[in-house]
Amino acid sequence: MNVENTLKASGAEIVINLLPSGATQASRWYAEQSLAAECAFVNATPNFIASEAAWAKRFEERGIPLVGDDLVDQAGSTALHKTMLKLLSMNGVKITETYQLDVGGGTESLETLDRTRETKRIIKTQSVENSLPYKAEVVAGSTDYVDFLQNKRDSYFWISGVYFCNTPLQIDLKFSTVDAPNAGSVLLTS
């Protein structure tokens, strides 16, 4: 099947990449097909495409939108982590260190652990870092696969900082979700 021709013949304007984590070469191949067919490309996978200068330049030169490099779930751990950090920071808390560790039992967790752990960690860490208006020590990402969790995910957060008169603050939090439907509403409302 010729994807470029199929996209052109169908009148498609946007390609949404929902391949599983770890399908890096396939994601890049579909980005190439999207570019050739002059379709916008939404990368909802943790593969560096939109954030790579060479890809961004190629799409920009052709006047074709390119966005993505992962998807923030509606009620996911990264969204919660960023929200907590923004709230604390807006209220005068200076965050010094924070981490988010995700443990899941679904296919996505297994794939992330086996093939894309480092990429996913970089993307999540950058996203969390960007929620603060200053530098802090930040680590975020998938850390393990536990088969009996099935399609559930447990996320553990640790936040350390100071507030009024340099008073120490520390938060330990566990957050549990069902993983599969988490991105569905984000894609439907986009």
Side-chain angles (χ1 to χ4, degrees), residues 16-31 41-56 66-89 95-161 170-184 186-187:
I16 300 175
N17 180 23
L18 294 169
L19 291 170
S21 293
T24 305
Q25 296 297 26
S27 292
R28 291 175 181 276
W29 188 81
Y30 277 104
F41 191 75
V42 178
N43 184 28
T45 70
N47 295 297
F48 292 115
I49 296 173
S51 59
E52 279 193 4
W55 279 107
L66 170 65
V67 296
D69 292 353
D70 212 0
L71 184 67
V72 176
D73 297 337
Q74 178 185 19
S77 56
T78 301
L80 178 61
H81 196 183
K82 290 168 64 171
T83 301
M84 288 189 309
L85 295 178
K86 285 178 187 174
L87 175 68
L88 291 167
S89 183
I95 306 300
T96 55
E97 301 167 321
T98 185
Y99 66 72
Q100 165 196 327
L101 306 176
D102 302 327
V103 178
T107 304
E108 175 74 12
S109 296
L110 184 59
E111 285 294 318
T112 298
L113 187 63
D114 285 347
R115 300 195 306 182
T116 61
R117 182 172 182 232
E118 283 307 309
T119 301
K120 187 85 168 173
R121 176 164 281 182
I122 291 167
I123 289 171
K124 281 183 167 245
T125 297
Q126 287 175 350
S127 180
V128 172
E129 284 174 333
N130 290 337
S131 68
L132 290 171
Y134 48 80
K135 284 283 193 196
E137 293 293 321
V138 176
V139 173
S142 298
T143 57
D144 215 336
Y145 170 79
V146 177
D147 62 344
F148 64 77
L149 284 176
Q150 296 177 337
N151 199 28
K152 298 178 190 131
R153 180 179 302 232
D154 290 335
S155 298
Y156 300 89
F157 305 90
W158 183 78
I159 301 170
S160 180
Q170 189 172 351
I171 297 173
D172 264 313
L173 180 70
K174 176 186 174 189
F175 175 59
S176 297
T177 59
V178 176
D179 213 21
N182 239 341
V186 174
L187 290 170

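In plain terms, the two heavy atoms of T45 and S27 that are nearest each other are OG1-OG, 3.7 Å. The two residues A50 and A56 come nearest to each other via the heavy atoms O-CB, 3.9 Å. Of all non-hydrogen atoms in W158 and T98, the two that sit nearest each other are O-OG1, 2.8 Å.
Here the CD1 atom belonging to I123 is positioned 11.5 Å from the CD atom belonging to E118, to the nearest 0.5 angstrom. With values rounded to the nearest 0.5 angstrom, L80 atom CG is found 5.5 Å from F175 atom CZ. Atom CG of L66 and atom CG of N43 lie 7.5 Å apart (nearest 0.5 Å). Distance check: K86 NZ to L132 CG gives 9.5 Å after rounding to the nearest 0.5 Å. Q126 contributes atom CD, which lies 12.5 Å from atom OG of S131 (distance to the nearest 0.5 angstrom).
Remark: E52 engages R28 in a salt bridge (charged side-chain N to carboxylate O under 4.0 Å, His left out) (not counting sequence neighbours).
For the pair K174/S176, a side-chain contact is recorded, criterion being any heavy-atom separation below 4.5 Å from C-beta on. Counting only heavy atoms from C-beta outward, the side chains of R121 and V139 approach each other to under 4.5 Å. Residues D154 and D102 have side chains not in contact (no heavy-atom distance under 4.5 Å, counting atoms from C-beta outward). Counting heavy atoms from C-beta outward, T96 and E137 have side chains that stay 4.5 Å or more apart. Between F157 and Y99, every side-chain heavy-atom pair lies at or beyond the 4.5 Å cut-off.
Side-chain atoms of S77 do not come within 3.5 Å of backbone N or O of S155 as any donor-acceptor pair. Y134 places a side-chain N or O within 3.5 Å of a backbone atom of I95 that can act as its donor or acceptor partner. No donor-acceptor pair under 3.5 Å is formed between the side chain of T125 and the backbone N or O of I122.
A donor atom on one side chain and an acceptor atom on the other are found under 3.5 Å apart for K124 and T78. Defined by atom type and a distance below 3.5 Å, a donor-acceptor pair is missing between the side-chain atoms of K152 and T177.
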Checklist entry - Going through the distances and angles, do N17 and V42 end up as a side-chain contact (heavy atoms from CB on, under 4.5 Å)? => result CA-CA 6 Å; N17 180 23; V42 178; over 6 Å; no

Next on the checklist: Working note: Q170 + D172, criterion side-chain contact (heavy atoms from CB on, under 4.5 Å); need CA distance, chi angles, decisive distance, verdict.
Outcome noted: CA-CA 7 Å; Q170 189 172 351; D172 264 313; 4.2 Å; yes

Next on the checklist: Please determine whether side-chain contact (heavy atoms from CB on, under 4.5 Å) holds for the pair L19 and Y30, giving the CA-CA distance in whole Å, both sets of side-chain angles, and the decisive distance to 0.1 Å.
Outcome noted: CA-CA 10 Å; L19 291 170; Y30 277 104; 3.9 Å; yes

